[in-house]
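Below: one structure, written as structure tokens.
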Amino acid sequence: EMKELEAIFDQKIANDEKIEPKDWMPEKYRKTHIRQISQHAHSEIVGMLPEGNWITRAPSLRRKVALLAKVQDEAGHGLYLYSACETLGVTREELYEQLHSGEAKYSSIFNYPTVTWADMGAIGWLVDGAAIINQVPLTATSFGPYARAMVRVCKEESFHQRQGFEIMMTLASGTQEQKDMAQDALNRWWWPSLMMLGPTDAESVHTEQSMKWKLKRKTNDELRQQFIDQTVPQAELIGLTIPDPNLKWNEETKRYDFGALDWDEFWQVVKGHGPCNKARMDARKNAWSKGEWVRDAAMAYAEKQELKLET
Ligand code: FAQ
């Protein structure tokens, strides 16, 4: 019987049909989806912190409204993804516990500080830009709830990316000081943004299996190349310089060749030793414990309402 179930599952994957929560699936398929979707959800939630840092200091009402909306979208993406993840038989509490204990990962990118307003531009332009490149293929991922979540998420990320690029464009055409601020943000965010897309294919332990299951539709290196090819002309358009002396258009491949990434830095950040890892985790853990009375009050209120209905 197990063989039969497995054959049905394999056939669905081969036919590009979606796997739904109540369908039979291999235990490893379930586990790896819980891993990736929860890491994605945690990234959205932790990802609110670097930008949250600038909401009170946005330079105009218009900028403030847009940034506030963007950060709210990220909260929405996180909750949406936690719900998709729960359909695989894990509870929200377990997922939070994994984040707070340091057992679960979240994207390396959110462990870097946001030191100037231009960082809001660089994050929207580069971090959301890389997120879109990574997530558009995920709209075709094999697990139904994840694929459907990605459709809406990508639409919103596209607004986020434009919001960021517009900040960079405005700064880059401003005073020398503003232009320098934009260039400095690009210098600091460029390499970490490339690292967001994960280790090289040779180092990526999960890619091969995830490609077979159609969880991943493109490899880390393919996505990184696509991100670079898309972003370099955008930098040129606004007169900023990508901080990579080895970046060069390759006439033969019709792609950009680029310099080596600092993979030591990447693994250090992933293992918890980046510039802001501790601050990010402390902020999440504090929010959780300080919110305890709200959760308790909400539960008490819900119980009271139920009692009222009974009488
Ligand atoms: N940071 O074998 P692979 C956003 C880990 S959302 C930390 O290649 P996989 C929106 C990986 O988990 C950003 N860890 O793994 C936003 C694995 O460790 P494990 C998040 C990383 O899963 C914008 C190990 O290294 N997006 O930005 C990273 O096949 C602005 C080996 O790696 C997603 O999560 C990293 N960068 O490929 C919000 C998208 N890279 O789990 C606010 C969905 C790798 O065995 C502001 N996820 N690792 O302990 C994915 O597409 C994949 O999971 C990859 C990694 C591509 C991230």
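Computed over heavy atoms, backbone and side chain alike; hydrogens, waters and symmetry mates excluded. Note that ligands are numbered from 1 as they come in the structure, with each ligand's atoms numbered from 1 the same way.
Contacts with ligand 1 closer than 4.0 Å are made by backbone heavy atoms (N, CA, C, O) of Tyr106 only, the side chain lying farther away. The proximity of Val269 to ligand 1, defined as any non-hydrogen pair under 4.0 Å, does not occur for either the backbone or the side chain. Using a 4.0 Å cut-off between heavy atoms, Met196 contacts ligand 1 through both its backbone and its side chain. Within the 4.0 Å heavy-atom criterion, both parts of Val205, backbone and side chain, lie near ligand 1. Contacts between Glu203 and ligand 1 below 4.0 angstrom, taking non-hydrogen atoms only, are absent altogether. If you look at Lys70 next to ligand 1, the close heavy atoms, those under 4.0 Å, all belong to the side chain. Residue-level proximity to ligand 1 for His160 is absent, since no heavy atom of it falls below 4.0 angstrom. Contacts with ligand 1 closer than 4.0 Å are made by heavy atoms of both the backbone and the side chain of Ser204.
With hydrogens left out, the protein atom closest to atom 26 (N) of ligand 1 is His40 CD2, 3.9 Å, a heavy atom. Gly198 CA, 3.3 Å is the protein heavy atom nearest to atom 40 (N) of ligand 1. Protein heavy atom in closest approach to atom 23 (C) of ligand 1: Asp128 OD1, 3.4 Å. Given atom 16 (C) of ligand 1, the protein heavy atom at minimum distance is Phe110 CZ, 3.7 Å. The single protein non-hydrogen atom nearest to atom 48 (N) of ligand 1 is Phe266 CZ, 4.3 Å, given as residue, atom name and distance. Among protein heavy atoms, the minimum distance from atom 46 (C) of ligand 1 is reached at Glu74 OE2, 3.2 Å. Protein heavy atom in closest approach to atom 6 (S) of ligand 1: Gln135 NE2, 3.8 Å.
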Full working for salt bridge (charged side-chain N to carboxylate O under 4.0 Å, His left out) between Arg152 and Glu156
CA-CA 7 Å; Arg152 176 185 183 151; Glu156 295 182 346; 3.4 Å; yes
Could you check Glu27 against Arg30 for salt bridge (charged side-chain N to carboxylate O under 4.0 Å, His left out), going step by step and ending with a plain yes or no?
CA-CA 5 Å; Glu27 210 34 46; Arg30 183 188 303 277; 3.5 Å; yes
Report the C-alpha separation of Arg224 and Asp221 in whole Å, then their side-chain angles, then the decisive distance to 0.1 Å, and conclude whether the salt bridge (charged side-chain N to carboxylate O under 4.0 Å, His left out) test is met.
CA-CA 5 Å; Arg224 193 163 14 249; Asp221 285 335; 2.8 Å; yes
Evaluation steps, side-chain contact (heavy atoms from CB on, under 4.5 Å), between His42 and Ile45:
CA-CA 5 Å; His42 298 326; Ile45 297 301; 5.7 Å; no
With salt bridge (charged side-chain N to carboxylate O under 4.0 Å, His left out) as the criterion, how do Arg188 and Asp119 come out once you've worked through the C-alpha distance, each side chain's angles and the decisive distance to 0.1 Å?
CA-CA 9 Å; Arg188 284 180 293 105; Asp119 290 359; 2.7 Å; yes
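Ligand 1 lies less than 4.0 angstrom from a heavy atom belonging to Pro199. Proximity of His77 to ligand 1 is not established, as no heavy-atom distance is less than 4.0 Å. Look at Glu51 and you'll find a heavy atom under 4.0 Å from some atom of ligand 1.
Residues satisfying the salt bridge (Lys or Arg N to Asp or Glu O under 4.0 Å) test with Lys214, not counting sequence neighbours, are Asp16. Glu222 is linked by a side-chain contact (heavy atoms from CB on, under 4.5 Å) to Lys218, Thr219, counting only residues two or more places apart in sequence or in another chain.
Distances below 4.0 Å separate heavy atoms of Ala131 from the following atoms of ligand 1: 4 (C), 27 (O). The ligand atoms of ligand 1 that sit less than 4.0 angstrom from a heavy atom of Val270 are 7 (C), 14 (N). Residue Val127 has at least one heavy-atom neighbour below 4.0 Å for each of these atoms of ligand 1: 23 (C), 30 (C). Applying the 4.0 Å criterion to heavy atoms of Asn220 picks out, from ligand 1, the atoms 8 (O), 56 (C). Listed by number with element, the atoms of ligand 1 under 4.0 angstrom from any heavy atom of Glu157 are 10 (C). Listed by number with element, the atoms of ligand 1 under 4.0 Å from a non-hydrogen atom of Tyr146 are 43 (C). The atoms of ligand 1 that sit less than 4.0 Å from any heavy atom of Met195 are 36 (N).
Of the candidates Gln36, Lys271, Arg35, Gln36 brings a heavy atom nearest to atom 52 (C) of ligand 1. Closest heavy-atom approach to atom 12 (O) of ligand 1 within the set Lys105, Arg217, Gln39: this belongs to Gln39. Considering Ser108, Ser193, Ala41 only, the shortest heavy-atom separation from atom 36 (N) of ligand 1 involves Ser108. Distances from atom 39 (C) of ligand 1 to the heavy atoms of Thr141, Leu197, Asn134, Leu215 put Asn134 nearest. Residue Ser43 holds the heavy atom nearest to atom 13 (C) of ligand 1 of all those in Gly47, Ser210, Ser43, Gly124.
The shortest N or O to N or O distance between His206 and ligand 1 is under 3.5 Å. Taking distance alone, with nitrogen or oxygen atoms compared against 3.5 Å, Trp267 stays at or beyond that limit from ligand 1. Taking distance alone, with nitrogen or oxygen atoms compared against 3.5 Å, Lys216 approaches ligand 1 more closely than that limit. Not a single N or O atom of Glu44, backbone or side chain, sits closer than 3.5 Å to an N or O atom of ligand 1.
For atom 54 (C) of ligand 1, no protein heavy-atom neighbour is found at a distance under 4.0 Å.
In this structure the side chain of Ile123 reaches within 4.5 angstrom of the side chain of Glu51, judged on heavy atoms. For the pair Lys278 and Asp282, the minimum side-chain heavy-atom distance is below 4.5 Å. Considering only heavy atoms from C-beta on, Pro192 stays 4.5 Å or farther from Val269 through its side chain.
Gln163 and His160 share no donor-acceptor pair across their side chains, judged by distance under 3.5 Å alone. With 3.5 Å as the limit, one finds no donor-acceptor pair spanning the side chains of Thr200 and Glu203. Between the side chains of His206 and Gln36, no donor-acceptor pair of N or O atoms lies under 3.5 Å.
Panel note: side chain Ser142, backbone Trp213; a donor-acceptor pair is recorded below 3.5 Å. With hydrogens and angles disregarded, a donor-acceptor distance shorter than 3.5 Å links the side chain of Asn53 to the backbone of Thr114.
Annotation: the span from Ile19 atom CD1 to Leu88 atom CG amounts to 11.5 Å, rounded to 0.5 Å. Between the CD atom in Glu265 and the OH atom in Tyr112 there is a gap of 3.5 Å [rounded to 0.5 Å]. Separating the CG atom in Asp180 from the OG1 atom in Thr116 is a distance of 11.0 Å, to the nearest 0.5 Å. Taken to the nearest 0.5 Å, the OG1 atom of Thr141 stands 7.0 Å off from the NZ atom of Lys18.
Cation-pi geometry between Arg280 and Phe110 is not satisfied (NZ or CZ under 6.0 Å from the ring centre, within 45° of the ring normal).
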